[in-house]
Amino acid sequence: MLRRLVNLQRVTGAGLRLSPRVGREPAPFVAIVAVFLIASFLATPTLAQSFLGTGPAERLTLPPAGEPLRPAPPRPQGQAAQGQAAQGQAAQGQGPQSQAPEADPARRTMPVVAVVAAARRFPAGTRGYRLAGEEDALQFPVYVTEAQARGPAKLRVSYLSAISVAPEASELSGSVNGTKVGWTRIQAPGAVKVVEFPIPEGLLKAGYNAVALTASQRHRVDCSTEATYELWTQIDPSRSGLVVGQAADLDLKTLAALEPDESGALPIGVLLSERPSPERLERMIGAVQAVALIGRLAGPAVSFGPPLSGRAGLNLVVGTAAEIRGTDGVEELGAITGPRVALLAPRGSRAPTLVVTGPSAADVRQAIATLASSGDGSGTPAGARLAELTRGYPVQGGESLTLEQLGVASREFNGRLLRVGFTVRFPADFVPADYGKVMLHLAGGYAAGLESSAQIVVDINGRNAASVPLPYSRGEVFTDSAIPLPLSLWRPGLNRVEISAQLPTAADRTCDTLAPGARRARFLFLDRTRIDVPALARAVRSPDLAAVKAGAVPFLAPNLPTSAPRPRLVLPTPDRDSASAAATLAARLAIAAGRVIDFEIGSDEREAGGGRLVVAPVRALTPAALEAVGLDPAQVRSIWEGRAETVATPGPFGAEGVVTLDRLRRNLPMRCALPALTTPLRTAATTQAPAPAQGQIAAQAAPSPGPAEAPADSEADLVARWDETARGFGVVPAVLANAWAGLTQRAAETRDLALRLAGGPAPEAVPLNPRASLIIAQGSGQGTGGWFEDGTVLVTAPNASILKASVSCLVDPVVWTGLVGQAAFLDASDGSLSTVQPKRVGLIETQARGLANLRLVSAAWLSLNPGAYVAMTLIMALCLGLATTSLVRQLGRRNR
């Protein structure tokens, strides 16, 4: 003991100089050194940091198999109760990460005797699977059968978090039908963690159930508003869901209980033993649409070929009794004397099989109609309501809606950036333009002590719509703060509105998270906040992909006459991959339209008729088909010449076949992935260029700037422009220049229109994105009464395999909602979508002619065509001047 005291004196008095005796008994002195180093580290002031670094892609691995997967060793009798109490505490509190590490090394070598139970995964939604910011929530409507609701159930959450999330102040909780079932600290920056919360018996009900995941996150070292954007928790959809038994009592009424795959999509495998005729292929695609309508909350993923295996998805057999004769399991149906829809139970590892048949083709069509109407919307009140709100609250115009109706609840918030969002669905024939405003009436309040930069920002579809300052340092309570939101920022279909309250205080600069006022509420948001929607102009914009993804225009439209021709689905090369892509698109369009679309299958895109959906690899298309939607065939050929021979084979997690931590961190859609071979070694230019000389090869190796980039201004140009602006001499020339530019643009558009009517050359082609793996474009349609005489939507890719893989990414709800404009270019490796707006937009009427709608459509057209508005104003002013002059001449007495 005396020697230890002497050694301790040497350590503390001689700068941590260890004596030879210390090496024999190092434990106390190592602890002292560690305490000293920790104290020195804590004494150093910590600066704010950013945790936005990225690293190489890592393979995703589950945590080591824990206690539930190994046989428990025999325990002494006295430790049994203590072990059961500890197990209950882990299930009730933190989940697997709260368990103590195994002390017995022998237990680590025990073989695994069980596997993790499969989970009924969450369906894909427009929000994706990321919880971002200081407070966020994801809600999933999950349909379960009566047998699944009666059995034991758990809520499993697999997640990955940002390194900037402070675990001691952040938590992730789960709830089912409004009842909280468990919570855990958020602490998974380097590997995916899996937690399970037991669901009390009787909480799940047959039908739709509302499952919610809520995250409350705080930054480790930075209390600024900007740092809140670094906070995120990514849910891994492949392992998250409800741990319930397989639906053994599945029937036609409960087909919504079909389980999605690892990406949240609903796989539909259409069984084929031979090449189908076009008429049978029509019926197959119709049945696929009917199944998609029943499972409308999950994106479809259709494939033609062998049957699917596993719990996820559905096998589909469609045809007359003669066509499906010999198919495995069909003999169980017995004699088929009329329209028949039957569900065959799973056999071994095979997924359930749905048979749609009848004696004749007309009977099969009748069976498809019966299948489309067999869905069930029952469930708990919260679940049934969420199932409807997930598709967006329908808006027709003239409504006043409270945010409580849109699924938003009142809340108090003590962070720096509050974000509240909701989704509304506008009609497919809504005309977005500046002829009116949606009024947002905020109700709530903010606390005293906010800085002068505090404000409320409203975003619509990712674009800033309005901002309102919070000016009073003493705080304020408001009941009706009106904020106008222009109609031009809304679009047909789903619209996401984000209300953000930026709430910085002076205390955030010191960033003391343990201060007494750190948890004080800063903002109050009330659910009686409402939006007032004005009357909407009803007409279809053409071309506009937003109308296509919102309501399957031009294939369906309001007030479509019965005499209108059937929409055509053109497959120039009806191979399995192209047919799978076409069926997936048709199913997604049926979900948007809310009904089965009666497509007529054809192979010639030049045939006249109504709306046409052309799905084919680019080599199968004629130059005229590309030019009809504004594409230049030479440019398309040049950017895809290096990828036409490659093959894309999507796996269970996309084309890569495996999910990685890097993909989870980047929040990429699970089905958006292409193998490395589909990415060319060089990006082909959009125009043909001469071969470079030997000395120019090195210069051309560097990537050229994109079309949006421009060379930087020189210092002299910057100084001259600022000097001119300061003197005020550039105002009038700028106005004249803008007017001249607008006049020349209108003249060019008029010239293009005249040339097109006279049979001259087509206008300038749509600029292409060289990184695109899929192009979807729409041609300008013409028509009356809601149907199109010549409306074409073209979907193409370098080859059939890439077409199937890219369409599987396109129909993901996160990607699908971004379709707007005349053309869209999808990079299926990461789900990025770039769009091109049309230079000219036409309006096709869809409603019965009336003065009210005509006035709104006219106002919308004038706002979309400001040149015509100015010309009409000048003509009216000229007419008024001439009329006034002629009237004045006849009055008074003429002087002689």
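No salt bridge links R665 with D662; every basic N to acidic carboxylate O contact stays at or beyond 4.0 Å. A salt bridge links R365 and D598; the closest N-O separation between the charged side-chain nitrogens and carboxylate oxygens is under 4.0 Å. Ionic pairing of D136 and R127 is present here: one or more N-O contacts between side-chain nitrogen and carboxylate oxygen are shorter than 4.0 angstrom. A salt bridge links D261 and R671; the closest N-O separation between the charged side-chain nitrogens and carboxylate oxygens is under 4.0 Å. Ionic pairing of E135 and R411 is present here: one or more N-O contacts between side-chain nitrogen and carboxylate oxygen are shorter than 4.0 angstrom. Look at R156 and E196 and you find a salt bridge, because one of the NZ, NE, NH1 or NH2 atoms lies within 4.0 Å of a carboxylate O, short of that distance. The pair E323-R325 fails the salt-bridge criterion, with no side-chain N (NZ, NE, NH1 or NH2) lying under 4.0 Å from an Asp/Glu carboxylate O.
In terms of modelled atom types and a separation under 3.5 Å, the side chain of Q148 and the main chain of G245 share a donor-acceptor contact. Side-chain N or O atoms of T126 include none that pairs as donor or acceptor with a backbone N or O of V814 at under 3.5 Å. When atom types are taken as modelled, the side chain of D830 and the backbone of A828 share no donor-acceptor pair closer than 3.5 angstrom. A donor-acceptor pair is defined here as one N or O able to donate and one able to accept, closer than 3.5 Å; no such pair exists between the side chain of S240 and the backbone of P237. Using a distance-only test at 3.5 Å, with no hydrogens or angles considered, a donor-acceptor pair links the side chain of T380 to the main chain of G383. Panel note: side chain N315, backbone R350; no donor-acceptor pair is recorded below 3.5 Å. Of the possible donor and acceptor atoms, none in the side chain of Q217 sits under 3.5 Å from a partner among the backbone N and O of S170. Distance alone, capped at 3.5 Å, places no donor-acceptor pair between the R425 side chain and the P394 backbone. Between the side chain of N495 and the backbone N or O of G493 there is at least one donor-acceptor pair closer than 3.5 Å. Looking only at distances, no side-chain donor or acceptor of D812 sits under 3.5 Å from a matching main-chain atom of S808.
Between G313 and A351, the shortest heavy-atom distance links the atoms O-CB, 4.0 Å. In this structure, P267 and E259 approach most closely via the heavy-atom pair CD-O, 4.3 Å. Residue Y159 comes nearest to I186 through the heavy atom pair OH-CA, 3.9 Å, listed as atom of the first residue, atom of the second, then distance. Between V815 and C672 the shortest heavy-atom distance is CG2-SG, 4.1 Å. Summarising the geometry of A292 relative to A587, their closest heavy-atom pair is CB-CB, 3.7 Å, with the distance given to 0.1 Å. Nearest heavy-atom pair, F197 versus L172, reported as atom, atom and distance to 0.1 Å: CZ-O, 4.4 Å.
Using a 4.5 Å heavy-atom threshold, the side chains of R120 and V142 count as touching. Using a 4.5 Å heavy-atom threshold, the side chains of K154 and L242 count as separate. Under the 4.5 Å side-chain criterion, counting only non-hydrogen atoms from C-beta, T214 is not in contact with L131. Residues E171 and T184 form no side-chain contact, since every pair of their non-hydrogen atoms from C-beta on lies 4.5 Å or further apart. Between T320 and P359, the closest side-chain pair of non-hydrogen atoms is not below 4.5 Å. Using a 4.5 Å cut-off on side-chain heavy atoms (C-beta onward), L810 and L819 make contact. Here the side chains of L160 and D236 are not in contact, with every heavy-atom distance at 4.5 Å or above. Residues V157 and L213 have side chains in contact (heavy-atom distance under 4.5 Å, counting atoms from C-beta outward).
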task = Check step by step if salt bridge (charged side-chain N to carboxylate O under 4.0 Å, His left out) holds for E498 and R496.
result = CA-CA 7 Å; E498 293 276 354; R496 178 71 180 177; 3.2 Å; yes
request  = Would you please test L386 and T390 for side chain to side chain contact (heavy atoms under 4.5 Å, CB included) and show each step?
outcome  = CA-CA 6 Å; L386 181 60; T390 303; 4.0 Å; yes
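Atom-to-atom distance recorded for K180:NZ and L155:CG is 12.5 Å, nearest 0.5 angstrom. Remark: R663 CZ to Q234 CD distance equals 11.0 Å, nearest 0.5 Å. Rounding to the nearest 0.5 Å places CD1 of I294 at 13.0 Å from NZ of K253.
Under the side chain to side chain donor-acceptor pair (under 3.5 Å) rule, T145 has a single partner from T254, D251, D249, which is D249. Tested against L354, the residues V317, L258, L255 include a single side chain to side chain contact (heavy atoms under 4.5 Å, CB included) partner, L255.
With sequence neighbours excluded, the residues that form a side-chain hydrogen bond (donor to acceptor under 3.5 Å, both in side chains) with S378 are D376. Applying the side-chain hydrogen bond (donor to acceptor under 3.5 Å, both in side chains) rule to R121 yields no partners; only residues at least two apart in sequence or on another chain are considered.
Y129 and F140 have parallel rings, their planes meeting at less than 30° on a 0 to 90° scale where 60° marks the start of perpendicular.
A donor-acceptor pair shorter than 3.5 Å cannot be found between the side chains of S161 and Q187.
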